[in-house]
Amino acid sequence: MSENILKKIKNNKSITKKYVISSYNIENKINKKLLFLKKTISMNGFRKGKVPKKIIEEYYKNNIFHKILKKIIHKNFIKLIQKKNIQNYENIQYFLGKYIPGTDFNYTIKFDIVCDKLKQILKSINLYNLNIEISEEDITQILLNFQKNISNWKNKNTEIKKNDKVTINYKLKLENHHKNILKKKDFSILINKDLLLKKIFSSIIGKKIGDKITVIINFSKYHPEQKISGKKITVVIKIINIQEKINKKINFKKFKKFGFIEKNIQELKKNIYTQMKEESKKIARELLKKNFIKKWIKIIQKKKYINENNQIISIVKKNICLYKEKFLSHYKKNQNIFEKLYNKNIYKASQKKAIINNLIKEIINKKSLSVSKKLIKKVFNNTTKNFFQIDKKNHKINKKIVLKNIKNFLLQEKAFNFILENVIITEKKINFLKAIKKNKNTYL
């Protein structure tokens, strides 16, 4: 956590409290204890229960007084910290007066409240908890979106719109060079601004079959294709074909054909609503987490702190390696130079992720968070029931990795529970489709 921020938090607060214990209360407790001893104690020259009161007082009264006093003082202190909801304290000091039989006993307690600096920062953060409402239109749109996914593509001769599938020929040239460094024919791309590079998306929308487009792009240095990584490239695109999915009305027969077991559209909508209701809880929590992460990064992300913190730097380096591996494997599989994925600032994204990882680790360690083996096993069984493939050679290794990942996930969720319990949360209404759209935008 940034030292600059912590300096703004006030120092430990001291509490001083004066107490008066009535002489009647003290003497009454002493007499009860002496009476009990008189009945049970035996001494040389006296039988059990026959020792004179004066002799018992002479030997035991002073010790009894101190024990009773200690008990009363401890009880008062526990009441005080419970009343003020004090969890962390230090430097307890007692200033005891002199006790004279027949007079009240006075004492003073003084101690410091240890400020939970993390909690104080969290309490300054305001978040919105989305109350996600599901309308009939939302259910219909979800069904139409699913129906669109299972429908076939159809050729069209009109302008390119978002979510069309376009077949192109393209060639890449280095800026101010005539020779092609990469050339491809009949390459299909989905026209979606969440996937495509911004310049390509905006240039290709509205074009028709036969149109040519020229775009100059500065490719990310993290792009796996070495010919274009970190270089300024001229991309020449020719539109060969355009396809769309016509999806205006719900066709229940398509759902039945796909394998849905519902008897009619009403039953299908009812089941979809139940699933959406469950999903909306997950979306609301994810958005809460993402909004907190954005605000926390703004609070913490200062160049001086980032550069000084070796732990952050090591996490950033590790994440860059992971991203490169992810990009390279993705590129080998798809070889899609147009994807937005490759133009991310990996260092910046890794830096943000590292800040959050650091916070989560700090909370887990400071609050001594843990998860039971029973819960990990339960989540493992539920998770792997349908998806875990048994491999006789690697089964043990795979299981070990999965269990470790489940444990880390559960610990992270506990850490976020602590965070969300301490920030200020306000309710805000939103419809389901808007919530889904918001949830697509992550902090990385």
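- In this structure, Asp138 has no salt bridge (charged side-chain N to carboxylate O under 4.0 Å, His left out) partners at least two apart in sequence or on a different chain.
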Could you go step by step and tell me if Lys245 and Lys154 meet the side-chain contact (heavy atoms from CB on, under 4.5 Å) rule? CA-CA 6 Å; Lys245 287 187 177 183; Lys154 293 186 178 180; over 6 Å; no
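- Nearest heavy-atom pair across Lys162 and Ile205 is N-CD1, 3.7 Å.
- A 6.0 Å sphere centred on NZ of Lys29 holds no more than 12 heavy atoms belonging to other residues, nucleotides or ligands.
- In this structure, the side chain of Ser124 engages the main chain of Ile121 through a donor-acceptor pair within 3.5 Å.
- Ring-plane geometry between Phe338 and Phe187 is classed as tilted, the angle between the planes lying from 30 to 60 degrees on a 0 to 90 degree scale.
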Using distance only, find each side-chain donor-acceptor pair of residues 228-241 under 3.5 Å and give its atom names and separation, not counting sequence neighbours.
unit_1, atom_1, unit_2, atom_2, d
Lys231, NZ, Lys227, O, 3.3
Asn241, ND2, Asn155, OD1, 3.1

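- Two residues are said to be in side-chain contact when any heavy atoms from C-beta on lie closer than 4.5 Å; Ile125 and Ile299 meet this criterion.
- Annotation: the span from Ile355 atom CD1 to Trp296 atom CH2 amounts to 10.0 Å, rounded to 0.5 Å.
- Using a cutoff of 4.0 Å between basic side-chain nitrogens and carboxylate oxygens, Lys270 and Glu267 are not scored as salt-bridged.
- No more than 12 heavy atoms of other residues, nucleotides or ligands shown are found within 6.0 angstrom of NZ on Lys32.
- Contact check for Lys404 versus Asn408: side-chain heavy atoms found under the 4.5 Å cut-off.
- In this structure, Ile337 and Leu197 approach most closely via the heavy-atom pair O-CD1, 3.9 Å.
- The neighbour count for Phe146 CZ, taken as heavy atoms of other residues, nucleotides or ligands under 6.0 Å away, is above 12.
- Side chain of Asn131 to main chain of Lys428: no donor-acceptor pair is present (N/O by atom type, distance under 3.5 Å, no hydrogens or angles).
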Walk me through whether Asn126 and Val423 qualify under side-chain contact (heavy atoms from CB on, under 4.5 Å). CA-CA 6 Å; Asn126 291 284; Val423 295; over 6 Å; no
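- Within the 4.5 Å cutoff, no side-chain heavy atoms of Ile213 are placed close to those of Tyr170.
- Nearest approach of Ile250 to Phe255, heavy atoms of both residues: CG2-CE1, 3.9 Å.
- Leu410 and Val371 get closest at one heavy-atom pair: CB-CG1, 3.6 Å.
- When the options Ile92, Thr16, Leu96 are evaluated for a side-chain contact (heavy atoms from CB on, under 4.5 Å) with Ile109, the one that passes is Ile92.
- At distances below 3.5 Å, at least one donor-acceptor pair connects side-chain atoms of Asp164 with backbone N or O atoms of Lys161.
- A donor-acceptor pair under 3.5 Å links the side-chain atoms of Asn381 to the main chain of Lys377, judged by distance alone.
- Taking the six-membered ring where the residue is Trp, the centroids of Phe432 and Tyr273 are separated by 6.0 Å or more.
- Among pairs with a residue in residues 275-284, none fulfils side-chain hydrogen bond (donor to acceptor under 3.5 Å, both in side chains), at least two apart in sequence or across chains.
- Note that CG of Asn291 and NZ of Lys289 are 12.5 Å apart. Values are rounded to the nearest 0.5 Å.
- Around atom CD1 of Ile261, no more than 12 heavy atoms belonging to other residues, nucleotides or ligands sit under 6.0 Å away.
- We find that Arg285 and Glu413 are joined by a salt bridge, their nearest charged nitrogen and carboxylate oxygen being less than 4.0 Å apart.
- Of the charged side-chain nitrogens involved, at least one lies within less than 4.0 Å of a carboxylate oxygen, so that Glu133 and Lys429 count as a salt-bridged pair.
- Between Leu288 and Leu420 there is a side-chain heavy-atom pair separated by less than 4.5 Å.
- Listed here is the closest heavy atom pair of Ser151 and Lys254: OG-NZ, 3.1 Å.
- Without hydrogens or angle criteria, Asn169 side chain to Asp186 main chain gives a donor-acceptor distance under 3.5 Å.
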Could you walk me through whether Gln141 and Asn145 pass the side-chain hydrogen bond (donor to acceptor under 3.5 Å, both in side chains) check? CA-CA 6 Å; Gln141 192 58 54; Asn145 289 343; 3.0 Å; yes
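- Rounding to the nearest 0.5 angstrom, the gap separating the CD1 atom in Ile364 from the CZ atom in Phe418 is 12.0 Å.
- Counting only heavy atoms from C-beta outward, the side chains of Gln266 and Phe252 never approach each other to under 4.5 Å.
- Put simply, the side chain of Ile189 reaches to within 4.5 Å of the side chain of Ile191, judged on heavy atoms.
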Lys17/Thr108 under side-chain contact (heavy atoms from CB on, under 4.5 Å): CA gap, chis, key distance, verdict: CA-CA 6 Å; Lys17 177 83 174 173; Thr108 302; over 6 Å; no
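- Looking only at distances, no side-chain donor or acceptor of Asn85 sits under 3.5 Å from a matching main-chain atom of Ile81.
- Within a 6.0 Å sphere centred on NZ of Lys256, heavy atoms belonging to other residues, nucleotides or ligands number more than 12.
- The closest side-chain heavy-atom distance from Ser22 to Phe105 is not below 4.5 Å.
- Between the side chain of Asn180 and the backbone N or O of Lys183, no donor-acceptor pair lies under 3.5 Å.
- In Lys407, the NZ atom is not crowded: 12 or fewer heavy atoms of neighbouring residues, nucleotides or ligands sit closer than 6.0 Å.
- Within 6.0 Å of atom NZ in Lys84, 12 or fewer heavy atoms from other residues, nucleotides or ligands are found, so the atom counts as exposed in its surroundings.
- Remark: the backbone N or O of Lys208 is paired with a side-chain donor or acceptor of Asp211 at under 3.5 angstrom.
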Would you sort out whether Phe111 and Tyr94 count as a ring-ring contact (aromatic ring centres under 6.0 Å, His included), showing the intermediate values? CA-CA 9 Å; Phe111 62 94; Tyr94 293 99; 9.1 Å; no
CA sep, side-chain torsions, deciding dist, call: Asp112, Ser14, side-chain hydrogen bond (donor to acceptor under 3.5 Å, both in side chains): CA-CA 4 Å; Asp112 295 331; Ser14 289; 2.5 Å; yes
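- Taking the six-membered ring where the residue is Trp, Tyr107 and Tyr19 present parallel rings, their angle staying beneath 30° rather than reaching 60°.
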Residues Phe416, Glu421; criterion side-chain contact (heavy atoms from CB on, under 4.5 Å); working and verdict: CA-CA 8 Å; Phe416 272 109; Glu421 282 166 9; over 6 Å; no
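- Closest approach of Gln147 and Asn251 over heavy atoms only: OE1-N, 2.7 Å.
- Of the possible polar contacts, one joining the Lys207 side chain to the Ser203 backbone as a donor-acceptor pair under 3.5 Å is found.
- Within the 3.5 Å criterion, the main-chain N or O of Glu159 finds a donor-acceptor partner in the side chain of Lys156.
- The shortest side-chain heavy-atom distance between Lys438 and Ile430 falls under the 4.5 Å cut-off.
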